[in-house]
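The analysis underlying the following values was restricted to heavy atoms, covering all of them including side chains, and did not include hydrogens, waters or symmetry mates.
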Amino acid sequence: MSKKLSKKQRYIIVGVTAAWGLIFIGSGISMSFMNTPITKTTKELKITQKRVANMKSNEILLKPMEQEINQPISMNVKDYLENANDIDNKIINELQLDTSMVNVNQAGDYTYTITYKKKTFNGTFTIKEKPLPDMVLTLKTLNLEVGSALSTDIQNYITETLTDEVKQNIKLDLTNVNTAQAGNYQYTVTYNGRLYTGTITIYEPNKTENPTKKPDDTTSTDNTETETNDSDK
């Protein structure tokens, strides 16, 4: 029968047979790949995921800073970054910190800046007052002779023993006291948000000596001055 086929027909039959052979071979190879574990692909996927997870955003986010008054200021730029771990060290080393506008000796809100490649980022820096010792003060009632000078030592007006820190934060107001005229006057002391009011009595000295007293007796003026000194303690 094959002798009756033309040359063209033989080529067609050979081509079809070869095509079917390639199909069967390809199917076998595909089945073998399907039956092979995909370990390599899984490993590559895990490596890719790990790389994506470890990628840094390099976004510069500044932290609101805060500290007590009269404390040294940090010059480490990482302390001012909200996301320092998410920025490459190479970029961090190129950041320029400027805290020149922050006054650490005065409480208030200030601005600091970080510059990177001509782009400036602004952050806030708050300097807080140091909390003062919480204490209640007891004011003295003072008796002073007309013409006496008013003491500027706050301890002379307060019963409690004061530390230097407390003294420095007390405001004494004696503007209503007139030592040139006898009378009762009020003075005020302000500490830690509290206002205290005390009394100062300005008196005229007794200049008339008592003739019944013996020569070794003290005069009334001396007695009054002693009482004044006692009240000042």
Legend entry - Contact summary for Pro133 and Asn192, nearest pair of heavy atoms: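 For Pro133 versus Asn192, the nearest heavy atoms are O-ND2, 4.0 Å.
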Legend entry - Smallest separation among heavy atoms of Lys130 and Glu68, with atom names: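 Distance-wise, the nearest heavy atoms are CG-OE1, 3.7 Å.
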Inset, instruction - Mark yes or no for whether Asn156, through its side chain, and Thr152, through its backbone, hold a donor-acceptor pair below 3.5 Å. - result: no
Legend entry - Expected output: side-chain Asp88 to main-chain Lys90 donor-acceptor under 3.5 Å: no
Legend entry - Hphob cluster co-occupancy, Leu162 + Val136, side-chain heavy atoms under 4.5 angstrom: yes
Legend entry - Contact check, side chains of Asp134 and Arg194, non-hydrogen atoms, under 4.5 Å: yes
Inset, instruction - Decide yes or no for Ile170 and Ile158: does some side-chain heavy atom of the first lie under 4.5 Å from some side-chain heavy atom of the second? - result: yes
Inset, instruction - Scan residues 82-104 for pairs that pass ring pair (Phe, Tyr, Trp, His ring centres under 6.0 Å), counting only residues two or more places apart or in two chains. - result: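 Found none.
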Pairing residues for [X] by the side chain to side chain contact (heavy atoms under 4.5 Å, CB included) criterion, not counting sequence neighbours:
| X | answer |
| --- | --- |
| Thr175 | Asp173 |
| Ser100 | Asp98 |
| Thr126 | Glu66, Asp109, Lys128 |
| Ala182 | Val146, Glu204 |

Atom pair [atom1]/[atom2] of [X] and [Y] - distance to nearest 0.5 Å:
| X | Y | atom1 | atom2 | value |
| --- | --- | --- | --- | --- |
| Gln106 | Asn70 | CD | CG | 10.5 Å |
| Leu150 | Leu174 | CG | CG | 5.5 Å |
| Ile200 | Tyr187 | CD1 | OH | 6.0 Å |
| Glu160 | Leu139 | CD | CG | 8.5 Å |
| Gln168 | Leu132 | CD | CG | 10.0 Å |
| Met135 | Thr138 | CE | OG1 | 8.5 Å |

Legend entry - Thr199 and Asn184 side chains, donor-acceptor separation under 3.5 Å: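 On atom types as modelled, these side chains do not qualify, holding no pair under 3.5 Å.
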Legend entry - Between Thr111 and Asn122, a side-chain donor and acceptor under 3.5 Å: no
Inset, instruction - Linking directly or through intermediates, with side-chain heavy atoms under 4.5 Å: list the remaining ILVMFWY members grouped with Ile92, chain and number order. - result: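 Besides Ile92, the cluster holds Ile60, Leu62, Met65, Ile69, Ile73, Met75, Val77, Tyr80, Leu81, Ile87, Ile91, Leu95, Leu97, Val102, Val104, Tyr110, Tyr112, Ile114, Tyr116, Phe121, Phe125, Ile127.
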